[in-house]
Enquirer: 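Take this structure first; my questions come after.
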Amino acid sequence: MSTFLEKVQKILVVSFVVILPFFFLPIFVNSFDTPKIILGGVVISILALTGAIRILTESKRELNLGTFGVPVAILVAAYLLSAILVTHNKMEAFFLPGTATVVILGGFLYMLINQLSQRVKQILKIGIFISGVLLSVVRVILSLDLLPGIIPFPNLGQLGNFTPLGNLLQEVLFLVTVLPLGLSLAFSQKNVLKKILIFTSLIVVALAITSLVLKLYAKEDESMIFPDPDTSWQVAAGTLKEEPILGIGPGNYLSAFNRFIPLSYNATERWSQRFTFAGSYYLTVLTETGFFGATGFILILLATARLIRQAFLEKRISGELISVSLILIFFAIFPAGTSLIILFFVLLSFLATEKHINFPRPIGVLVSIAAVAIIVLLVMPAINTVKAEVKFKQALMALSANQISKGRDLMLESITTNNKVDRYQTVYAQVNLAIAQGVAQKETITDEERATISQLVQAAISWAKASIANNPGRSGNWLILARVYQSIMGFAQGADVFAVQTLTQAVALDPLNPNLRIALGGIYYSIGNYDEAIKAFELATLAKPDLPNAHYNLAQAYRQKGENDKAQEALSKVLSLIDKETPDFSLVEAELEDIKAKKS
């Protein structure tokens, strides 16, 4: 029994590590990371169950922590505690984007692989290299546009930027990391034919890397778009001032980004873009898990530095050590995807030396029973989570095909199946509002249609509120509710007050967003509160002085107050910011001349 379970564990580990980079399913909104997390969850659950059985049935009471056991345990604990204690929406921490789950999976794999023999680790190393070679073969075929000639299906020529790792940057980082493993296999191989085969494979990997680098240099996809180092650091520093120990929480980087971006960010080309990760994986970890998570990585870096020093003294540097060093460098200057993070933990287990600890049987029994109980309790919630995400993707596809009724029904099914995801609720609220606005635009509206509009608007309000209850720290959720209230200001008493309150909260959670300030000013303007409108528009111009829309709205508010001198100054500023050849320039110029004429 024990031997059989051990074989099952070995097969599962090797298969998972080899298959992971290729695994994707288009039935999810995120076709690349979500399936990998689900696959990892299934595999780790099976491994945990078989491990629990082995602990209960075997006399062996020994665990090999390896060189990185303590740092990895600290990092996993940081993510787990931060997700439980800090992240308000647990679904974002554990499933979408699931940053906590990815690190927990990686830590579990590190511990499990450490218990395996060197022979199995060698098989794993070969498997990872084969994965890299297969990815490279596909990349070379796509780059040379050979696929349409191999497989006679239409539109295959459009797959040039496709990668199962999610984006081109993650693929090139993965392949560069795999390269030293292949070199070590080649130099250690005594069989001439096998050595030639490995070197040939390495040439293919090098060609794939070259192709990817050229694509990234040509900006053929958006994988190189991420926050600059200064912005990433400012977001981390702002977070640590408020949550130094456990950070903002896994999956909650967007909220930290909104709250703590520096004013200088609005001077960049991407000022209107918001990110769910830092430009450096280390800074993402620091922001999401605070100094606790950073401690784990610092210890990993120190342990790796000791191994590098020892390798130089012994004049024996392994491919695994080079690969780990490369990933640690990549983590400093790039974001990290699911496959790269998992690969990192697997490679750490290759470097780990023997470091065993013994544990009493009662502790092993308790841990085993607890693991089994947790897995059993999580089975149904996990199934419902996956079902809801599939339904959500189907709903979006139906809506994109203009099948409004079907899309709305599917979206409601996804919310009913899993009511803890604020994304579902915000989209459903917007769908209801859009349908209501479509009906309201008819020239003649029946009493039945009026009742329908009322029901749809009420549904939009209810679901927007539900999204806020699930994730109150997300500025976008408050904005959606504000937009709903704003749409009914003309006929619903008190809607203007609620619109101002909710949009003010959205601004508080994203204070340097000039578009939110303009939106708030617009509500004040529409209800005739020009003093507050001017304040909001002025703050928008301070947040982004080169935004023409902010100055134009400010000018209109000044005109309504009769402050034509200030209106003239604001319109002059608008003219200095827009192209003279555009229709907008002529429009603003005419308004400016009108003000001058009235003054004279």
Side-chain angles (χ1 to χ4, degrees), residues 28-30 33-42 44-45 48 75-108 239 242-243 245-259 276-277 284-290 292-293 296 338 341 370-371 373-393 411 414-429 463-478 480 509:
F28 299 105
V29 176
N30 184 333
D33 290 328
T34 301
K36 289 177 173 63
I37 291 172
I38 294 170
L39 177 65
V42 171
I44 294 303
S45 296
L75 189 59
V76 169
Y79 266 93
L80 191 58
L81 288 175
S82 184
I84 293 171
L85 300 177
V86 181
T87 302
H88 194 279
N89 191 332
K90 311 304 179 193
M91 291 304 304
E92 292 196 338
F94 291 110
F95 186 59
L96 292 167
T99 51
T101 300
V102 173
V103 172
I104 292 169
L105 290 175
F108 191 95
T239 303
E242 295 192 6
E243 299 286 349
I245 307 301
L246 293 175
I248 197 74
N252 227 14
Y253 187 87
L254 176 60
S255 296
F257 188 88
N258 288 339
R259 289 172 58 190
T276 57
F277 49 82
T284 301
V285 173
L286 182 62
T287 303
E288 293 190 336
T289 62
F292 193 6
T338 300
I341 295 170
I374 291 171
I375 292 170
V376 170
L377 289 172
L378 292 178
V379 167
M380 283 311 299
I383 291 173
N384 286 334
T385 298
V386 174
K387 285 171 60 179
E389 190 65 15
V390 172
K391 290 288 184 185
F392 184 65
K393 174 62 180 292
M411 198 154 290
S414 68
I415 295 173
T416 305
T417 306
N418 183 4
N419 63 1
K420 300 298 182 184
V421 182
D422 57 304
R423 285 184 302 113
Y424 303 167
Q425 294 155 342
T426 55
V427 174
Y428 190 59
W463 290 113
K465 287 182 176 179
S467 73
I468 290 171
N470 272 330
N471 202 343
R474 189 60 48 82
S475 175
N477 294 351
W478 290 94
I480 296 299
L509 294 170

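The structure displayed is predicted, hence computed values, not measured ones.
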Enquirer: Would you find a donor on one side and an acceptor on the other, under 3.5 Å apart, between the side chain of Thr426 and the backbone of Arg423?
Expert: yes
Enquirer: Can you tell me how far CD1 of Ile44 sits from CG of Leu39, rounded to the nearest 0.5 angstrom?
Expert: 9.5 Å
Enquirer: Can you see which heavy atom on Ala93 is nearest to which on Ala83, and at what distance?
Expert: CB-CB, 3.7 Å
Enquirer: Work out which heavy atom in Ala429 is nearest to a heavy atom in Trp463; give both atom names and the distance.
Expert: CB-CB, 4.2 Å
Enquirer: Compare every heavy atom of Ser414 with every heavy atom of Phe392, then report the nearest pair and how far apart it is.
Expert: N-CB, 3.8 Å
Enquirer: Any side-chain heavy atom of Asn258 sitting closer than 4.5 Å to one from Leu509?
Expert: no
Enquirer: Using side-chain heavy atoms (C-beta onward) and a distance below 4.5 Å, is Tyr79 in contact with Thr101?
Expert: no
Enquirer: Answer whether the closest heavy-atom distance between the side chains of Val421 and Phe95 falls below 4.5 Å.
Expert: no
Enquirer: Test side chain to side chain contact (heavy atoms under 4.5 Å, CB included) on Phe94 and Ile104; report intermediate values, then the result.
Expert: CA-CA 10 Å; Phe94 291 110; Ile104 292 169; 4.2 Å; yes
Enquirer: Can you tell me how far apart CG (Leu81) and CG (Leu246) are? Round to the nearest 0.5 Å.
Expert: 6.5 Å
Enquirer: Take atom NZ in Lys90; do more than 12 heavy atoms of anything else shown fall under 6.0 Å from it?
Expert: yes
Enquirer: Any chance you could measure Tyr428, atom OH, to Ile480, atom CD1, to the nearest 0.5 Å?
Expert: 15.5 Å
Enquirer: Do you know which of Glu389, Met91, Lys387, Lys391 makes side-chain contact (heavy atoms from CB on, under 4.5 Å) with Asn418?
Expert: Met91
Enquirer: Okay, side chain of Trp478, backbone of Pro472: is any donor-acceptor separation there less than 3.5 Å?
Expert: yes
Enquirer: Do Ile38 and Phe28 have side chains that approach each other closer than 4.5 Å (heavy atoms only, starting at C-beta)?
Expert: yes
Enquirer: What's the spacing between Ser255 OG and His88 NE2 if we round to 0.5 Å?
Expert: 11.0 Å
Enquirer: Do Leu75 and Val285 have side-chain heavy atoms sitting under 4.5 Å apart?
Expert: yes
Enquirer: At their closest point, which heavy atom of Ile248 faces which heavy atom of Glu243, and how far apart are they?
Expert: N-CB, 4.4 Å
Enquirer: Keeping Thr239 on the side-chain end and Gly247 on the backbone end, is there a donor-acceptor pair under 3.5 Å?
Expert: no
Enquirer: Scan side-chain atoms only and decide if Thr87 and Asn252 contain a donor-acceptor pair under the 3.5 Å cut-off.
Expert: no
Enquirer: Rounded to the nearest 0.5 Å, how far does OH of Tyr253 lie from OG1 of Thr287?
Expert: 5.0 Å
Enquirer: Compare every heavy atom of Ala464 with every heavy atom of Ser467, then report the nearest pair and how far apart it is.
Expert: OG-O, 2.6 Å
Enquirer: I'd like to know if the side chain of Asn471 reaches the main chain of Asn477, judged simply by a donor and an acceptor atom lying under 3.5 Å from each other, with no hydrogens or angles considered.
Expert: no
Enquirer: Could you work out, with side chain to side chain contact (heavy atoms under 4.5 Å, CB included) as the rule, every residue matching Asn470, not counting sequence neighbours?
Expert: Asn89, Lys420, Asp422, Gln425
Enquirer: In Å and rounded to the nearest 0.5 Å, what is the OG1 to CG distance from Thr416 to Asn384?
Expert: 11.0 Å
